[in-house]
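Structure record follows, encoded as structure tokens.
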Amino acid sequence: MGSVDASKKLQVLLVGSGGIGTMVAYALEKGGKAEVAAVLRSNFEAVFENGFTIHSVDHGEIKDWRPTSILDSIPSVNEESWRAPYDYVIVATKNIPDIPPQITDIIAPAITPGYTAIVLIQNGLNIERPFFSVFPANPILSGITFTGAIEWPLGTINHHNHDRSFIGVFDNPVAASYSQKPKAIAAARRLVDAYTACGPNVDCTYEPDVAYSRWRKLLYNASYNGVAAILGMDTSRMRFTEHVIDDLIRPLMREIRATAKAAAGVELEEQLIETMITADGYDKFFKPSMLQDVEKGRFLEFENLVGEPLREAERVGVETPTLKVVYGLLKGLQFQAREKHLEGVMVPRSGEGLRYGGCGKT
């Protein structure tokens, strides 16, 4: 990120203004240190006409709220010469790399090479790698949030868990990037400052150890998220049954913990497993995001939550039998969504030429 005048408001483009993204935008605008342009998709018409309605555990009841500007497409800083470069592009969309188009292609018109900091407020492992390749001169920042916010109906945000967010810098393995790291750290800290300016109810801090924070959150996401999607169960019902925790959730968390240590040298404390098992309030009957996506017939965000830790485990020789089964089941659910939503995905009527298309004789 280039030099930024500290007296001017940060110019932020938000891509993905659902529950989490909208609460990020609201915090930044409320703090008075940033102006947010939000790119909306399915909720554009509702917000354009009526603004957002926000029911927030941190900020209270907000009616008819809009960020500085709302857009229905990604702006191009190159083609629109009057447009100043964005200091930050915040990506708060689902991370679904197995479904086109790729987010790197989507945001490219809004990125000023060597200047704009790209903030990935997304879950999962190794999400930064495509961005290092496409934007080698730009700071790539990690955003991890433990807040809970859902948009339903369109334009209405139900923010039910307090905002705890962590901003840090992804380590770029390219040697030339080492000289850029101080600039990236400065960009992360300035974003934290703008975020926390909204008031004491929001807890946003600089995270120096991005690898630890991402593996830590994977304890939850690689277990509860996938199992919820497969079983169609909220986390309270899983805990009530006990066997879902003992036979699936706890083994998955142990496999993630072992993989983190072997693949990344990240030591996750044993007690974290018990903490994550009871992370959701029992009375909330909370549905993890992947279950919500299944219920709404959407594509699943599972490759970076389950697939990447599985591939890391295989790379270093860690046995993860539970993770492998969960991954296979999620791939099956994703195929169902692909068949429903993508043109050209058709199951042939004949099995000729298929690996398992023959009819076995008994």
Side-chain angles (χ1 to χ4, degrees), residues 20 57 121-127 142-148 160-168 170-171 202-231 233-291 302 304-313 315-327:
I20 298 298
V57 68
I121 303 184
Q122 297 179 304
N123 292 319
L125 192 66
N126 298 333
I127 64 172
S142 167
I144 290 182
T145 180
F146 289 92
T147 191
H160 52 272
N161 281 348
H162 294 289
D163 190 344
R164 290 193 306 119
S165 300
F166 302 86
I167 307 296
F170 283 112
D171 282 328
V202 170
D203 180 11
C204 180
T205 58
Y206 173 72
E207 173 57 79
D209 193 347
V210 166
Y212 175 85
S213 62
R214 290 206 159 262
W215 280 102
R216 181 182 187 274
K217 194 170 184 183
L218 271 178
L219 283 175
Y220 182 99
N221 278 328
S223 55
Y224 269 125
N225 239 314
V227 173
I230 294 163
L231 296 182
M233 294 178 72
D234 59 63
T235 59
S236 298
R237 285 180 169 83
M238 291 188 213
R239 288 160 63 182
F240 174 76
T241 67
E242 296 186 4
H243 75 269
V244 174
I245 301 299
D246 294 337
D247 298 341
L248 294 171
I249 300 300
R250 186 176 284 107
L252 283 164
M253 290 187 179
R254 286 173 175 164
E255 289 173 12
I256 291 297
R257 182 170 181 260
T259 303
K261 182 176 181 179
V266 172
E267 292 275 1
L268 298 174
E269 302 86 342
E270 176 73 28
Q271 182 56 35
L272 273 177
I273 292 177
E274 302 309 313
T275 299
M276 289 295 181
I277 286 174
T278 57
D280 299 321
Y282 185 86
D283 60 339
K284 302 298 184 183
F285 291 86
F286 179 68
K287 293 182 177 182
S289 60
M290 210 181 294
L291 171 56
F302 76 102
N304 290 98
L305 301 185
V306 179
E308 278 300 298
L310 176 61
R311 287 184 279 273
E312 288 293 304
R315 180 177 64 84
V316 296
V318 174
E319 294 292 326
T320 54
T322 321
L323 194 67
K324 188 170 185 177
V325 170
V326 167
Y327 180 61

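Heads up: numbering here begins at 1 and tracks the sequence. Here the structure is a predicted model, which is why all the values come from computation and not from measurement.
Outside the 6.0 Å centre-distance limit, the rings of Tyr206 and Phe166 are not counted as a close aromatic pair.
Annotation for Val57 and Asn161: closest pair CG1-C, 3.7 Å, computed over non-hydrogen atoms. The shortest heavy-atom contact between Ala222 and Ile256 is CB-CD1, 3.7 Å. Across every non-hydrogen atom of Ala263 and Val316, the tightest pair is CA-CG1, 3.9 Å. Taking all atoms of both residues into account, the shortest heavy-atom contact from Ala258 to Val318 is CB-CG1, 4.1 Å. What you find for Trp215 and Pro309 is that their closest heavy atoms are CZ3-CB, 4.3 Å.
Salt bridge present: Glu270 and Arg257 bring a charged side-chain N and a carboxylate O closer than 4.0 Å. The pair Glu274-Arg250 counts as a salt bridge, with a side-chain nitrogen and a carboxylate oxygen less than 4.0 angstrom apart.
We find the CD1-CD distance between Ile127 and Gln122 to be 5.0 Å, quoted to the nearest 0.5 Å. Of the inter-residue distances, the one linking Arg237 atom CZ with Lys287 atom NZ reads 8.0 Å to the nearest 0.5 angstrom. Distance check: Leu323 CG to Ser223 OG gives 9.5 Å after rounding to the nearest 0.5 Å. Atom CG of residue Asn123 and atom CD1 of residue Ile144 lie 8.0 Å apart, to the nearest 0.5 angstrom. In this structure, Arg311 CZ and Thr259 OG1 are separated by 13.0 Å, a value rounded to the nearest 0.5 Å. Atoms CG and CD, from Asp247 and Glu242 in turn, are 11.0 Å apart once rounded to the nearest 0.5 Å.
Residues Phe146 and His162 form no side-chain contact, since every pair of their non-hydrogen atoms from C-beta on lies 4.5 Å or further apart. Looking at heavy atoms from C-beta onward, Val306 lies in side-chain contact with Tyr327 at the 4.5 angstrom threshold. Tyr282 places a side-chain heavy atom less than 4.5 Å from the side chain of Phe240. The shortest distance between side-chain heavy atoms of Thr205 and Asp203 falls below 4.5 Å. With a 4.5 Å cut-off on side-chain heavy atoms, Lys261 and Leu268 do not count as touching. You'll find the side chain of Met233 reaches within 4.5 Å of the side chain of Thr241, heavy atoms only. Contact of the Cys204 side chain with the Ile167 side chain is registered, since non-hydrogen atoms from C-beta on lie closer than 4.5 Å. Within the 4.5 Å cutoff, no side-chain heavy atoms of Val210 are placed close to those of Asp171.
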**Request:** Kindly indicate, with the supporting measurements, whether the criterion side chain to side chain contact (heavy atoms under 4.5 Å, CB included) is fulfilled by Tyr224 and Ile245.
**Result:** CA-CA 9 Å; Tyr224 269 125; Ile245 301 299; 3.3 Å; yes
**Item:** Working for side chain to side chain contact (heavy atoms under 4.5 Å, CB included), residues Glu312 and Asn126
**Value:** CA-CA 10 Å; Glu312 288 293 304; Asn126 298 333; 3.6 Å; yes
**Asked** Please walk me through it: do His160 and Phe286 pass side chain to side chain contact (heavy atoms under 4.5 Å, CB included)?
**Response** CA-CA 11 Å; His160 52 272; Phe286 179 68; 3.9 Å; yes
**Message:** If you apply the rule side chain to side chain contact (heavy atoms under 4.5 Å, CB included), what do you find for Thr145 with Arg164, and how did you get there?
**Reply:** CA-CA 6 Å; Thr145 180; Arg164 290 193 306 119; over 6 Å; no
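Side-chain atoms of Arg214 come within 3.5 Å of backbone N or O of Gly124 as a donor-acceptor pair. A donor-acceptor pair under 3.5 Å links the side-chain atoms of Ser236 to the main chain of Phe285, judged by distance alone. When atom types are taken as modelled, the side chain of Glu255 and the backbone of Thr322 share a donor-acceptor pair closer than 3.5 angstrom. A donor-acceptor pair is defined here as one N or O able to donate and one able to accept, closer than 3.5 Å; no such pair exists between the side chain of Asn221 and the backbone of Leu305. Side-chain N or O atoms of Glu269 include none that pairs as donor or acceptor with a backbone N or O of Gln271 at under 3.5 Å. Within the 3.5 Å criterion, the main-chain N or O of Leu125 finds a donor-acceptor partner in the side chain of Asn304.
For the side-chain hydrogen bond (donor to acceptor under 3.5 Å, both in side chains) test with Tyr220, the passing option among Thr275, Asp280, Asn225, Thr235 is Asp280; the others fail. Partner of Ile249 under the side-chain contact (heavy atoms from CB on, under 4.5 Å) criterion, chosen from Arg254, Met276, Met238: Met238.
Residue Lys217 qualifies as enclosed at atom NZ: its count of foreign heavy atoms under 6.0 Å is above 12.
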